Protein chains: 2
Amino acid sequence: MNKKGLTILMRTRMRPTNNDSAHLARSPLANMVNQTVNGGQSSSGTQKLNSLSNTKRDFEVVSESMHSAISMSKTEVLDSVLSDFSEGYFSLSYENRQKLLVQLAKECDVNRTQVRDLIKQYLGLEPPGTGSDSAHSVGVEEEASLSAFYRIERNLRHALKPMYEVLFERLNTHPGGLKFLSILRADILSILAEENLASLRALDSYLKEKLSLWLSPAALELHQITWNDPASLLEKIVAYEAVHPISNLIDLKRRLGVGRRCFGYFHPAIPGEPLIFIEVALMKDMAQSVQEVLWDDPPIPECEATCALFYSISSTQPGLSGINLGKFLIKRVITLVRKDMPHISTFATLSPIPGYMQWLLSKLASQSKLAEGEDMPNSSADRSGSTFWENILEPEEERALMDASVEITTGKNSMEVMLNLLTSANHEWTKSDKLLSVLKPPLMRLCARYLLQEKKRGKALDSVANFHLQNGAMVERINWMADRSEKGLHQSGGIMVNYVYRLGKIEDYSQSYFSTGHIHTSSELSHYVEPLKEPQNRTE
Amino acid sequence: MNKKGLTILMRTRMRPTNNDSAHLARSPLANMVNQTVNGGQSSSGTQKLNSLSNTKRDFEVVSESMHSAISMSKTEVLDSVLSDFSEGYFSLSYENRQKLLVQLAKECDVNRTQVRDLIKQYLGLEPPGTGSDSAHSVGVEEEASLSAFYRIERNLRHALKPMYEVLFERLNTHPGGLKFLSILRADILSILAEENLASLRALDSYLKEKLSLWLSPAALELHQITWNDPASLLEKIVAYEAVHPISNLIDLKRRLGVGRRCFGYFHPAIPGEPLIFIEVALMKDMAQSVQEVLWDDPPIPECEATCALFYSISSTQPGLSGINLGKFLIKRVITLVRKDMPHISTFATLSPIPGYMQWLLSKLASQSKLAEGEDMPNSSADRSGSTFWENILEPEEERALMDASVEITTGKNSMEVMLNLLTSANHEWTKSDKLLSVLKPPLMRLCARYLLQEKKRGKALDSVANFHLQNGAMVERINWMADRSEKGLHQSGGIMVNYVYRLGKIEDYSQSYFSTGHIHTSSELSHYVEPLKEPQNRTE
């Protein structure tokens, strides 16, 4: 599962802050709750006390309905209990939700007495021999003892399931329950971001497994979203678009009109809103910039298109973080577009590089400091053991940088100069042709290195890169000044990347990336990165 | 889960026979396979040998693709392997399918070495204490050791999953895979009906659990089937209608027309065919006979209807046996009909009583034999210990029976007479008004007893009764000569029953049936069964 991939795609909505009202704001009923809570409090001390004890009582009521929902026998009466629980949950304050979820994680997990009893029985039984080569060589008595073994094994498997599994299963079959579970998980993730409780982490991982099962691609429906869809659905597209915000109705209409496609994955139990959606532009060539896709140019006649460009993919449910729906969506969209428009032969993305600047700036800062270590020979011994020094700039890049920046900024070395330029207010560097031409070579070269060579646990460091690579794409081309928006300059110095899904190669590439971490790329791009130099241990 | 309920509904398709070609005929590709296999054989001995070794090679190829599908790493390459496996499976003979499934059950189950290792680690760790009452009272170190505990517990839970789980999961996300899994399970059930292998039973129970998860009501879509639906879909309704066969196009059109409704549950991964469907008639009153529903009368104007009568419910997938989709279907249909037509206040069924005659005839036969024991006082001691004697006929019923049958049949006692009458060729008894009037009182009375009092493990003995009762219905009325078809007379002497889903009571009734086995019924019907007499131990 590609956790990072989707997390980054929905970063703006997912990232928890330390502001409690922000937490509340994340849930649909939050504002209402906020008002209720505030409305319930007044300047009078007595009323404040009442309000507090009301809150406590509310918590007890919801907690009770949660326990009932788990413990009640398998009957129809559950429906009302489940409704009580989910409605009650929405009425709780953030603190009480937190308390409730921790209670669920700690008090309703595995019955460990039962597990230990079953383990004792299990270890006492003879497992089926693997030696027998015929299906029919086993006697009736042996079949009976095997039967007992399988039964205990199954019981043990079931006993190891936490009790909250029952709650999840029951909610899943309850109208609105799947959506509620996804909100529940979003809350759990918020809490975990603040405090890493082992029991809650276990609850989260269990719920995530369940949601993955229920949201298997087989259960999802691909729907092309068009201008004929209900406004209530289109409104969600506007709200959830995470890559290139939709500014107005005309913008939205263009993205659903001629030369454009928008596809969403829907689950029958969550009608009227896609779980994830992708926006596609039909183009003559693979676009080099966001402007080409989003802005003025009228689209070309669809019959002239040769490239389907995926320019935006957005998840709508923070609670589904880590469940890779995008992979299957892309595959299905490729199949669909190929069938409808055989003249389209290139399937590419125009993607952000969300982690590039952060990586580069921290690299420049640390290397610049290490370079300064030259002036302090006494302390170099401490550092050499743990940190490698590397001049990440080429000599000619350094010279050009120092020459061009002499009147604008200062710095102890070329890396500090570059750092200062890149962090200047309002991205000043992008307004000077001279600085642009000087910064372009190192920024492009280092961007190629970042995408192709910087790894974490064998996978691409960049989350969007990792997402497309594990889906089976290759890194085709990087594009200078492809996204001049504030966000684009901040994330990646305006550079964007085309990943290409090469028909007939998708499965191979995905497999080699998974097994060896190998990243397929174009020869154009691989020229940027010579055989990687071994970083040099600083010696003097 | 209501295994019996659905099994009986699809009995005609499900029940395995001892005829191998019949087995093959149960799968969609069966005829093709049959032809291929036959075509491959000829009178020449050499060719026969070739054909046999081809079969063996085919088996090896499919078995290999099955193992690959399990062992390959989680990548895109799987798609082709899974296609190879499912296509290969369809090309196998019944014997080879059997061999393959047994192989899957035995060779790809649980890695027990790993389980034992993990159990050892698990037992060595301290489980989380339940004493701590605050969420935040645990130290960082303790959190770390808890983390380790939860990790091992999760690993043990995962290790207890059989390897074939991977195959099931992968097939589920593969186009056509869910349908294939349902066919696989139908084959497994056929094999188990012949030979109860413990390993295969475990495989079946695991697959059934998985299918239940994937076919949760949240993943299913309710669709009203109308005359506007594609013929390919309507053809399936004709083919799968299990209760009242659809004789021709006019019959089908009537069932989809004015005053009628047909609803199906569809899964997005199995398009174009419902997993289960229900036929509804909108009527002035609760129908007393199949004739009223299926035959000549033109339907009443829909606005005059007060009763929605569920007159047929059919499952289409033998491989989903034991997964109660019907319960949720009925609930959703009630909700839908109520919303559309508030003037409808009665939701009832007109249902067959598939087990009545079988139960009654065997009761008559055994009691009649026991009655004959009167003439052999020596042997009565042997029987009295194990079998109770009971005259299941009332004295006045006996008298009427003996009087009326004197010219037609003989018998040592009234029960044997009744047995002979009921088993006469071509249901002769139904053609004589005299016999009908004599047989009606005992047949109706005993039918009420069968429905309301005959239990197996605390549940109604009749499978359709058990199905509706656990869904929350009550037994409202039994109807004399309600189904005079060969099947209706054979199953239940022509009697049918109305179950009623009483709005507002469905959940209560379901719960009390589940917890205590209590069967709710009308006062009319309960008059048939006096307080149950204790069966008398035969004493002389």
Side-chain angles (χ1 to χ4, degrees), chain A residues 73-77 79-80 98-99 102-103 106-107 109-110 112 116 119 122-123 127-128 130 135-136 143-144 146-147 149-150 153-154 156-157 160-161 169 172-173 177-178 195-199 201-202 205 213-214 216-221 267-269 328 472 506-508 510-511 514-515, chain B residues 73-77 79-80 98-99 102-103 106-107 109-110 112 116 119 122-123 127-128 130 135-136 143-144 146-147 149-150 153-154 156-157 160-161 172-173 177-178 195-199 201-202 205-206 213-214 216-221 267-269 328 472 506-508 510-511 514-515:
Chain A
S73 73
K74 190 180 163 183
T75 74
E76 293 300 280
V77 180
D79 271 352
S80 59
Q98 185 167 13
K99 201 168 137 195
V102 171
Q103 193 182 62
K106 294 200 169 191
E107 294 175 16
D109 65 341
V110 174
R112 302 206 165 82
R116 278 170 196 252
I119 284 182
Y122 185 75
L123 294 176
T130 48
H136 303 277
E143 277 297 333
L146 274 181
S147 240
F149 179 85
Y150 284 115
E153 191 168 80
R154 192 187 62 223
L156 178 56
R157 185 157 58 226
L160 277 163
K161 288 185 185 173
E169 291 283 355
N172 181 44
T173 61
L178 190 58
E195 189 180 11
N196 194 358
L197 284 173
S199 54
R201 176 76 57 201
S205 114
L213 275 174
W214 294 326
S216 76
L220 299 176
E221 290 193 329
H267 192 282
F328 297 100
I506 296 176
E507 303 194 350
D508 287 354
S510 171
Q511 190 188 26
F514 261 110
S515 54
Chain B
S73 72
K74 188 182 165 181
T75 74
E76 293 300 281
V77 180
D79 270 352
S80 59
Q98 185 168 14
K99 200 168 138 194
V102 171
Q103 194 181 62
K106 295 201 169 191
E107 294 175 17
D109 64 344
V110 173
R112 302 205 166 82
R116 277 170 196 253
I119 284 182
Y122 184 76
L123 294 176
T130 48
H136 301 277
E143 277 297 335
L146 273 181
S147 237
F149 179 83
Y150 284 116
E153 190 168 80
R154 192 187 63 225
L156 178 56
R157 185 157 58 225
L160 277 164
K161 289 184 184 173
N172 180 44
T173 63
L178 189 59
E195 189 180 10
N196 194 358
L197 283 173
S199 54
R201 177 74 57 199
S205 113
Y206 203 86
L213 274 175
W214 294 327
S216 76
L220 299 176
E221 292 193 329
H267 192 281
F328 297 99
I506 296 177
E507 304 195 349
D508 288 354
S510 170
Q511 190 188 25
F514 261 109
S515 53

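So you know, we letter chains A, B, ... as the sequences are listed, proteins then strands, and number each from 1. This structure is a prediction, so every number in the text was calculated from the model and none was measured.
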- prompt: For B:Q511, does its backbone N or O pair with a side-chain atom of B:S515 as donor and acceptor, under 3.5 Å?
  reply: yes
Donor-acceptor under 3.5 Å (B:E143 side chain, A:L197 main chain): no
For a 4.5 angstrom cut-off between non-hydrogen side-chain atoms, does [X] reach [Y]?
| X | Y | answer |
| --- | --- | --- |
| B:L220 | B:F328 | no |
| B:V102 | B:K106 | yes |
| B:R112 | A:Y122 | yes |

Under 4.5 Å from any heavy atom of chain B, what part of [X] do you find: side chain, backbone, both or neither?
| X | value |
| --- | --- |
| A:R157 | both |
| A:S205 | side chain |
| A:K161 | both |
| A:D109 | side chain |
| A:L213 | both |

- request: Among the options A:A202, A:S199, A:A144, pick out the one with the most heavy-atom pairs lying under 4.5 Å from chain B.
  value: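 When all of A:A202, A:S199, A:A144 are compared, A:S199 has the most.
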Option that, when pairs with chain A are counted at under 4.5 Å, heavy atom only, ranks first among B:R116, B:E153, B:R154: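 Ranked by contacts with chain A, first place is B:E153.
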- prompt: How would you list, by chain and number, every residue that makes a side-chain contact (heavy atoms from CB on, under 4.5 Å) with A:Q103, sequence neighbours excluded?
  reply: A:F59, A:S63, A:M66, A:H67, A:L100, A:E107
